[in-house]
Amino acid sequence: MEIKSVMVIGAGQMGSGIAQVCAMSGYKVYLNDLKQEFIDKGLSRIGSNLSKQVKKERISQQDLVAAMDLLQGTTDLNDAKEVDIVIEAAVENMEVKCNLFSRLDEIAKDHTILATNTSSLPITEIAAATKRPGKVIGMHFMNPVPVMKLVEIIKGLATTDETFAAVENLAHDLKKSPVEVNDFPGFVSNRILMPMINEAIYTVYEGVSSPEDIDQVMKLGMNHPMGPLTLADFIGLDTCLYIMETLHEGFGDDKYRPCPLLRKYVKAGWLGRKTGRGFYQYQD
Ligand code: CAA
Ligand code: NAD
């Protein structure tokens, strides 16, 4: 099946990145969010990312204009009837995703693939909210999307080989490196990454060390590009908490219990970089 057009749902940090790489690869992209202001923010983030690439002479001004022309913001989910694949990157919440997938199933054409960028939620359960489980799949990009090469592709119980092949081809076309992963909580990436981040939060909670020093240990001692607390702020502490809850519930194992300090920060609205405060404070 040939994919020519894409709808990305959620114009946040992941959705805008996915829309950017799709438009740069020549796909027509509908970028959907709940409010026009969220779409405008996403589009302006894409514009500024591409402008930096022009300044660094990595792409031409014509490439920028061509990509921006392929992007169309929309608050109307009915535009899903225009596309060959929907990539959902809304908030990490099963109720929100099931609701979206059931509506998309009614709107989209029969051939349209419904993919989710979920970090951890079961693909099989999201697929069960539709009457086309064979065409539902996980397409898990990493943050920041324009930079990170990996895409985890996750088959639900009913996902067909044809759907998998189409999404694998799309990932290659976006110049990403796809890896096939089975449908278990957290897949591979977050099953390994998030317990490390949660443990780093426990080391702050228990007063073992400061966020700065914990990050320094992992940067200088283990050569990580970002310390785990900087990374948690970068991912979003709400997303980190949702993922830990999915691991905890999905495996029923207390080794995945979210740190109370993580819960406290999320309840306070300290969600990291996107709200200006998490383990660190941010000016812009
Ligand atoms: N959006 C787009 N591009 C970005 C960016 C962003 N948010 N941040 C950095 N970049 C680009 C820069 O423009 C620069 O591009 P060029 O090479 O074209 O010049 C390049 O990335 C390197 O940036 P910098 O030199 O400014 O900074 P850096 O060398 O420190 O790299 C980083 C920044 C790539 C983010 C690096 O710190 C890193 O790799 N951090 C770890 C990221 C990570 O672990 N991501 C996975 C998170 S987990 C996940 O995504 C899964 C999940 O479900 C939660
Ligand atoms: P974000 O908070 O930056 O953006 C989410 C966007 O979705 C917001 O603009 C919000 O208004 C919009 N939204 C919420 N409900 C919606 C709906 N019903 N219809 C349309 N838009 C809706 O979040 P994010 O960090 O971009 O994460 C999005 C998804 O990507 C989550 O499932 C998350 O787990 C996953 N993910 C996140 C990361 C990360 O590092 N942050 C990495 C990989 C995957």
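We number each residue from 1, following the sequence as shown. Quick caveat: nothing in here was measured; it's all calculated off a predicted structure. Every number for a ligand or one of its atoms is a count from 1 in the order of the listing.
Using a 4.0 Å cut-off between a side-chain N of Lys or Arg and a carboxylate O of Asp or Glu, Lys4 and Asp84 do not qualify as a salt bridge. With salt bridges taken as basic N to acidic carboxylate O contacts below 4.0 Å, none links Lys28 and Glu82. Between Lys274 and Asp238 there is a salt bridge, since a side-chain N of the basic residue sits under 4.0 Å from a carboxylate O of the acidic one.
Atom 5 (C) of ligand 2 has as its closest protein heavy atom Ala89 O, 4.0 Å. Ranking protein heavy atoms by distance to atom 40 (O) of ligand 2, first place goes to Asn143 ND2, 3.1 Å. Protein heavy atom closest to atom 32 (O) of ligand 2, with residue, atom name and distance, is Glu92 OE1, 2.6 Å. Ranking protein heavy atoms by distance to atom 48 (S) of ligand 1, first place goes to Leu193 CD2, 3.5 Å. In this structure, the protein non-hydrogen atom closest to atom 52 (C) of ligand 1 is Asn190 ND2, 3.3 Å. In terms of protein heavy-atom proximity, atom 16 (P) of ligand 1 is closest to Arg58 NH1, 2.8 Å. When hydrogens are left out, the protein atom nearest atom 4 (O) of ligand 2 is Gly12 CA, 3.3 Å; that is the closest non-hydrogen contact. Shortest contact from atom 7 (N) of ligand 1 to any protein heavy atom: Pro144 CB, 3.6 Å. Closest to atom 31 (C) of ligand 2 among all protein heavy atoms lies Ala90 O, 3.1 Å. Residue, atom and distance of the protein heavy atom nearest to atom 3 (O) of ligand 2 are Gln13 N, 3.1 Å. Ranking protein heavy atoms by distance to atom 12 (C) of ligand 1, first place goes to Lys56 NZ, 4.0 Å. Looking only at protein heavy atoms, the nearest one to atom 49 (C) of ligand 1 is Met142 SD, 3.7 Å. Looking only at heavy atoms of the protein, atom 36 (C) of ligand 1 is closest to Pro225 CB, 4.1 Å.
Where the criterion is an N or O separation shorter than 3.5 Å, residue side chain and backbone included, Glu88 fails it with respect to ligand 2. At under 3.5 Å, a nitrogen or oxygen of Ile235, whether backbone or side chain, sits near a nitrogen or oxygen of ligand 2. Considering backbone and side-chain N/O of Asp33, one or more are found under 3.5 Å from N/O of ligand 2. Taking any N or O of Thr239, backbone or side chain, none lies under 3.5 Å from an N or O belonging to ligand 2. Residue Thr118 has no N or O atom closer than 3.5 Å to an N or O atom of ligand 2. Ligand 2 has no nitrogen or oxygen under 3.5 angstrom from a nitrogen or oxygen of Phe141. Residue-to-ligand polar distances place Met14 within reach of ligand 2: an N/O pair is separated by less than 3.5 Å.
Taking CD of Glu249 as the reference point, atom CG of Leu247 lies at 10.5 Å (rounded to 0.5 Å).
Of the listed residues (Thr159, Asp183, Val188), just one forms a side-chain contact (heavy atoms from CB on, under 4.5 Å) with Ile154, and that residue is Asp183. When each of Trp270, Tyr282, Tyr280 is paired with Asp233, the side chain to side chain donor-acceptor pair (under 3.5 Å) condition holds for Tyr282 and for no other.
Using a 4.0 Å cut-off between heavy atoms, Lys35 makes no contact with ligand 2 at all. Counting heavy atoms under 4.0 Å from ligand 2, residue Asn117 touches it through both backbone and side chain. At a heavy-atom distance under 4.0 Å, only side-chain atoms of Gln53, from C-beta outward, approach ligand 1. Only the side chain of Lys274 comes within contact range of ligand 2, with a heavy atom under 4.0 Å; no backbone atom does.
Taking every heavy atom of Ser119 and a limit of under 4.0 angstrom, the matching atoms of ligand 2 come to 33 (C), 34 (O), 35 (C), 36 (N), 37 (C), 43 (C), 44 (C). Numbered from 1 in the order shown, with element, the atoms of ligand 2 that lie under 4.0 Å from a heavy atom of Ile9 read 19 (N), 20 (C). Distances below 4.0 Å separate heavy atoms of Asn32 from the following atoms of ligand 2: 20 (C). Annotation for ligand 2: atoms under 4.0 Å from non-hydrogen atoms of Phe38 are 11 (O).
Residue-ligand proximity: Gly236 is placed with every non-hydrogen atom at 4.0 Å or more from ligand 2. Remark: distances from the non-hydrogen atoms of Met142 to ligand 2 are all 4.0 Å or more. Not close to ligand 1: Arg45, with no non-hydrogen atom less than 4.0 angstrom away.
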Q) Can you check salt bridge (Lys or Arg N to Asp or Glu O under 4.0 Å) on Lys35 and Asp40, steps first, answer last? A) CA-CA 9 Å; Lys35 290 189 186 163; Asp40 292 343; over 6 Å; no
Q. Leu174 and Cys22: side chain to side chain contact (heavy atoms under 4.5 Å, CB included), yes or no, with the steps?
A. CA-CA 6 Å; Leu174 301 178; Cys22 289; 4.1 Å; yes
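Other residues, nucleotides and ligands contribute over 12 non-hydrogen atoms within 6.0 Å of the CZ atom of Phe251.
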Just list the side-chain donor-acceptor pairs under 3.5 Å for residues 260-269, sequence neighbours left out, or say none.
unit_1	atom_1	unit_2	atom_2	d
Arg263	NH1	Glu245	OE2	2.7

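Looking at Val145, Ile59, Asn143, it is Asn143 that brings a heavy atom closest to atom 42 (C) of ligand 1. Nearest to atom 3 (N) of ligand 1 by heavy atom, out of Thr230, Leu231, Val147, is Val147. Of the candidates Leu34, Leu31, Leu271, the one placing a heavy atom closest to atom 15 (N) of ligand 2 is Leu34.
Between Tyr30 and Val8, every side-chain heavy-atom pair lies at or beyond the 4.5 Å cut-off.
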